[in-house]
Enquirer: 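Here's a structure for you.
Fair warning: this is a prediction, and the values are worked out from it, not measured in the lab. Heavy-atom basis, side chains included; hydrogens, waters and symmetry copies ignored.
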Amino acid sequence: VARRLSLKKHPECHCMAGGQAIEHLAQTGNQELLTFRLPMQHYRNCDFSFSGLQNLVNNAIVQKEKEEGIQEGEILSCVKDVAAAVQHAVAVHIIQRTYRAMLFCIKNSILPSKNATLVVSGGVASNQYIRKGLQNLADANDFALLCPPPRLCTDNGVMIAWNGIERLRAGLGVLHSTDGIRYEPR
């Protein structure tokens with residue numbers, strides 16, 4: 001979405017990554033000026049998909065470009081509202097699907113009855129709007145929310161290392177010897 005909105009050309013966002021630019025612009029946008037249908041509402045599972053939402057957003061951008069009489073690649077006057085609406089739709093989708101997963105785990109006794117923890121990492125965990133929504137979800141369901149600091153949420157290698165540190169500290173699933181492990185470099 002950031003690429004399609006040409007946010008690298010936006011004066012406030014030229015040095016930001018796409019997700020960071022969306023979050024920045026969304027802070028002063030009106031999410032209610034555009035409404036996007038949430039993806040996968042008819043699927044009663046825990047899967048995520050953003051392709052349908054991406055198509056809806058692309059169509060809305062094309063329509064706004066026509067209304068404003070601008071070419072693709074130019075900045076829409078309503079770019080902050082588009083960013084806010086997209087961020088909100090993504091957050092709601094993530095929260096709904098995560099809630100389904102939490103209920104599934106509780107129903108099937110996959111999680112402990114007390115002290116359950118929701119761990120969120122990756123780029124999504126650096127978005128404060130999404131993080132706040134997930135914090136509200138966790139609080140409402142008596143889960144702890146565990147997220148690495150935003151500065152560690154952008155690099156997969158760092159996230160994997162952080163996970164390893166947490167598992168080592170907790171003594172969970174950490175091998176102290178590599179004897180007997182077969183591996184082949186690729």
Side-chain angles (χ1 to χ4, degrees), residues 1-40 46-65 67-68 70-99 101 117-139 143-166:
V1 172
R3 190 176 309 118
R4 180 59 182 84
L5 289 170
S6 302
L7 295 185
K8 287 287 184 191
K9 296 179 182 177
H10 194 284
E12 296 176 31
C13 304
H14 67 279
C15 292
M16 296 180 185
Q20 185 182 18
I22 293 285
E23 181 179 11
H24 173 76
L25 293 176
Q27 291 173 357
T28 53
N30 183 349
Q31 72 189 35
E32 295 174 10
L33 291 183
L34 287 159
T35 303
F36 296 112
R37 190 178 70 243
L38 296 176
M40 303 182 70
C46 304
D47 296 345
F48 295 92
S49 176
F50 297 96
S51 59
L53 179 60
Q54 184 176 354
N55 288 334
L56 293 173
V57 172
N58 284 337
N59 292 339
I61 292 169
V62 168
Q63 182 62 38
K64 291 293 182 187
E65 287 169 343
E67 290 173 11
E68 294 186 14
I70 66 172
Q71 300 281 325
E72 181 176 334
E74 295 180 55
I75 303 295
L76 289 168
S77 65
C78 61
V79 69
K80 292 181 178 186
D81 302 329
V82 174
V86 168
Q87 177 178 255
H88 180 72
V90 167
V92 171
H93 181 55
I94 290 170
I95 291 163
Q96 284 182 349
R97 302 318 248 183
T98 302
Y99 182 53
T117 301
L118 173 63
V119 178
V120 182
S121 63
V124 70
S126 66
N127 182 294
Q128 295 303 305
Y129 184 84
I130 295 172
R131 193 185 279 225
K132 184 176 183 198
L134 289 169
Q135 182 67 65
N136 292 338
L137 175 66
D139 291 345
F143 275 62
L145 179 69
L146 184 59
C147 298
R151 65 185 171 77
L152 300 179
C153 292
T154 58
D155 182 278
N156 286 333
V158 173
M159 288 184 286
I160 292 167
W162 176 76
N163 179 278
I165 290 168
E166 292 298 324

Enquirer: Does anything in residues 78-99 form a ring-ring contact (aromatic ring centres under 6.0 Å, His included)? List the pairs, not counting sequence neighbours.
Expert: Phe48-His93, Phe50-His93

Enquirer: Would you mind listing every salt bridge (charged side-chain N to carboxylate O under 4.0 Å, His left out) that reaches into residues 53-65, with sequence neighbours excluded?
Expert: Arg4-Glu65, Lys64-Glu67

Enquirer: Is any side-chain heavy atom of Ile95 closer than 4.5 Å to one of Leu134?
Expert: yes

Enquirer: Pairs in or reaching into residues 76-87: which pass salt bridge (charged side-chain N to carboxylate O under 4.0 Å, His left out), with residues at least two apart or in two chains?
Expert: Glu12-Lys80

Enquirer: Minimum heavy-atom separation for Ala83 to Leu25, with atom names?
Expert: CB-CB, 3.9 Å

Enquirer: Under 4.5 Å between any side-chain heavy atoms of Thr117 and Phe143, yes or no?
Expert: no

Enquirer: So which heavy atom on Ile130 is nearest to which on Ala91, and how close?
Expert: CG1-CB, 3.7 Å

Enquirer: Atom CD in Gln96, atom CG in Leu38: separation rounded to 0.5 Å?
Expert: 5.5 Å

Enquirer: Between Gln87 (side chain only) and Tyr129 (backbone N and O only), is there a donor and an acceptor less than 3.5 Å apart?
Expert: no

Enquirer: Is the closest side-chain heavy-atom distance between His14 and Lys9 below 4.5 Å?
Expert: no

Enquirer: Could you tell me the separation between the SG atom of Cys13 and the CD atom of Glu23, rounded to the nearest 0.5 Å?
Expert: 11.0 Å

Enquirer: Report yes if some heavy atom in the side chain of Cys78 is under 4.5 Å from a heavy atom in the side chain of Leu33; otherwise report no.
Expert: no

Enquirer: So, taking the atom named OG in Ser49 and the one named CZ in Arg97, what distance separates them when rounded to the nearest 0.5 Å?
Expert: 9.0 Å

Enquirer: Please name all residues satisfying side chain to side chain donor-acceptor pair (under 3.5 Å) with Arg131, sequence neighbours left out, ordered by chain then number.
Expert: none

Enquirer: Rounded to the nearest 0.5 Å, what's the gap from OG1 on Thr35 to CG on Leu56? Could you check?
Expert: 11.5 Å

Enquirer: Applying salt bridge (charged side-chain N to carboxylate O under 4.0 Å, His left out), name anything that partners Glu74, two or more places apart in sequence or on another chain.
Expert: none

Enquirer: Quick check: closest heavy atoms across Leu146 and Trp162, and the distance to 0.1 Å?
Expert: CG-CH2, 4.1 Å

Enquirer: Got a sec, which residues hit side chain to side chain donor-acceptor pair (under 3.5 Å) with Glu68, two or more places apart in sequence or on another chain?
Expert: Ser77

Enquirer: Evaluate side chain to side chain contact (heavy atoms under 4.5 Å, CB included) for Ile75 paired with Leu5, printing each intermediate quantity in order.
Expert: CA-CA 7 Å; Ile75 303 295; Leu5 289 170; over 6 Å; no

Enquirer: I need the minimum non-hydrogen distance between Gln128 and Pro150, along with the two atoms involved.
Expert: NE2-CG, 3.5 Å

Enquirer: Any chance you could measure Leu137, atom CG, to Leu145, atom CG, to the nearest 0.5 Å?
Expert: 9.0 Å

Enquirer: Taking all non-hydrogen atoms of both residues into account, name the closest pair between Ser6 and Gly73 and its distance.
Expert: OG-CA, 3.1 Å

Enquirer: Determine, step by step, whether Gln135 and Asp139 satisfy the side chain to side chain donor-acceptor pair (under 3.5 Å) criterion, reporting the C-alpha distance in whole Å, the side-chain angles of both residues, the deciding distance to 0.1 Å, and the verdict.
Expert: CA-CA 6 Å; Gln135 182 67 65; Asp139 291 345; 2.8 Å; yes

Enquirer: Taking side chain as C-beta onward, heavy atoms only, is Met16 less than 4.5 Å from Leu7?
Expert: no

Enquirer: Return yes if some donor-acceptor pair links the side-chain N/O of Lys8 with the main-chain N/O of Ala17 below 3.5 Å, else return no.
Expert: no

